[in-house]
Amino acid sequence: MILPLSYYQNEDVVFLARDLLGKSLITNIGGTITRAVIAETEAYAGEIDKASHAYGGRRTNRTEVMFRAGGVSYVYLCYGMHNLFNIVTGPEGIPHAILIRGIILEDGIESARNRTGKNLQKGQLIEGPGNTTKTLGITREHNGLLLTGDTLWLEDNGIVIAPENIVVSKRIGVDYAGDDAHLPYRFQIKNNTLK
DNA sequence: GCCTGGATCCAT
DNA sequence: TGGATCCAGGCC
């Protein structure tokens, strides 16, 4: 089942970051379908989160998409070379976002191999947000897309991750965020607990 | 306009 | 541990 827009408009971005584990993420790039299961996420709590691009209500060309109603993509360039894919959540005007940091590759293996130059296997864990977008073919051209469209979308295929199989920790690479750097907003599926 | 540094990755 | 690589955002 394709996740409906109402799913993304939940105001609890931390709940959603956890709930997205096990959901399927699918891209259709030039007619080529690649399918993966979300294995790692981080929540960014908008205006009140020093790690968020929208901290303090910062509204710029880049962050504008974060203020849209939940259910669109936010893709930006990091370190001059990596496209990072986020899911915008919450009601319009609330700039919540969830960074997708890892996936389990399920289908479209051949195209994923071509894009990464790696000998990827079905069921393989792809670690890191830059590697995730590279595997799926997501670039900044896919910024601001509705996640119910035909290019980039999510599905609930009934995979449920038990609480004891979810690892919670602080976020990566946000030391600049002061106290907020320690928030337990990173969620991962524990190794080998996905059939 | 210029300058700084970043929600990374990989080889060394 | 550092180099690649480039643009957003802050400050002048």
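So that the names make sense, note that chain A is the first sequence line, chain B the second, and so on, each numbered from 1. The figures that follow rest on heavy atoms only: side chains count, while hydrogens, waters and symmetry mates do not.
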Identified pairing partner of dT5(C), criterion: Watson-Crick or G-U wobble below 3.5 Å
none

pair Leu99(A)-Tyr44(A): side-chain heavy atoms closer than 4.5 Å
yes

Just call it for Arg171(A): base, sugar-phosphate, or nothing, with non-hydrogen atoms closer than 4.0 Å on any strand.
nothing

Pick the closest DNA chain B nucleotide for Gly80(A) and for Glu127(A) by heavy atoms, then say which residue is nearer the 5' end.
Gly80(A)

Should the pair Glu64(A)-Arg59(A) be classified as a salt bridge under the 4.0 Å nitrogen-to-oxygen rule?
yes

Is Arg140(A) touching bases, backbone alone, or none of the nucleic acid, heavy atoms closer than 4.0 Å?
sugar-phosphate

Measure the distance from CZ on Arg186(A) to P on dT8(B) and round it to the nearest whole Å.
10 Å

Could you give the CG-to-P distance, from Leu183(A) to dA7(B), as a whole number of Å?
15 Å

Is the number of heavy atoms from other residues, nucleotides or ligands within 6.0 Å of OH (Tyr185(A)) greater than 12?
no

In whole Å, measure the gap between the C1' atoms of dG2(C) and dG5(B) for me.
15 Å

Pairing donors with acceptors under 3.5 angstrom, does anything connect the side chains of Tyr55(A) and Asp180(A)?
no

Just the rounded figure in Å: distance from P of dG5(B) to NZ of Lys50(A).
20 Å

Hey, is CD1 on Ile2(A) packed in by over 12 heavy atoms from elsewhere, all under 6.0 Å?
yes

Quick one: Met81(A) CE to dA11(B) P, roughly how many Å, whole number?
13 Å

With a 4.0 Å cutoff (strictly under), does any side-chain N or O of Tyr79(A) reach OP1 or OP2 of dG3(C)?
no

May I ask you to verify if any side-chain N or O of His82(A) is less than 4.0 angstrom from the OP1 or OP2 atom of dA7(B)?
no

Under 4.0 Å from OP1 or OP2 of dG10(C): is there any side-chain N or O of Arg58(A) that close?
yes

Using only side-chain N and O atoms of Arg62(A), determine if any of them is under 4.0 Å from OP1 or OP2 of dG9(C).
yes

Under 4.0 Å, counting only non-hydrogen atoms across every strand here, what does Leu84(A) touch: a base, just sugar-phosphate, or nothing?
sugar-phosphate

Taking side chain as C-beta onward, heavy atoms only, is Val72(A) less than 4.5 Å from Val65(A)?
yes

Counting side-chain heavy atoms from CB outward, which of dG9(C), dC6(C), dA7(B) is closest to Thr60(A)?
dG9(C)

Is the aromatic ring centre of Tyr176(A) closer than 5.5 Å to the centre of the six-membered base ring of dG6(B), with the two planes inclined by less than 30°?
no

Spacing between Glu64(A) atom CD and dA8(C) atom P, to the nearest angstrom
14 Å

Heavy atoms under 4.0 Å, any strand shown: does Asn131(A) hit a base, just sugar-phosphate, or nothing?
sugar-phosphate

Check whether any side-chain N or O of Asn61(A) sits under 4.0 Å from OP1 or OP2 of dC7(C), and answer yes or no.
no

What is the distance, to the nearest angstrom, from the CG atom on Asn83(A) to the P atom on dA7(B)?
14 Å

Would you mind reading off the distance between Leu77(A) atom CG and dG5(B) atom P, rounded to a whole angstrom?
18 Å

Ignoring hydrogens and geometry beyond distance, is the side chain of His53(A) in donor-acceptor contact with the base of dA7(B) at under 3.5 Å?
yes

Which part of the nucleic acid, if any, lies within reach of Lys118(A) when heavy atoms closer than 4.0 Å are counted: base, sugar-phosphate only, or nothing?
sugar-phosphate

Mind calculating the distance between NZ (Lys134(A)) and C1' (dC10(B)) to the nearest angstrom?
10 Å

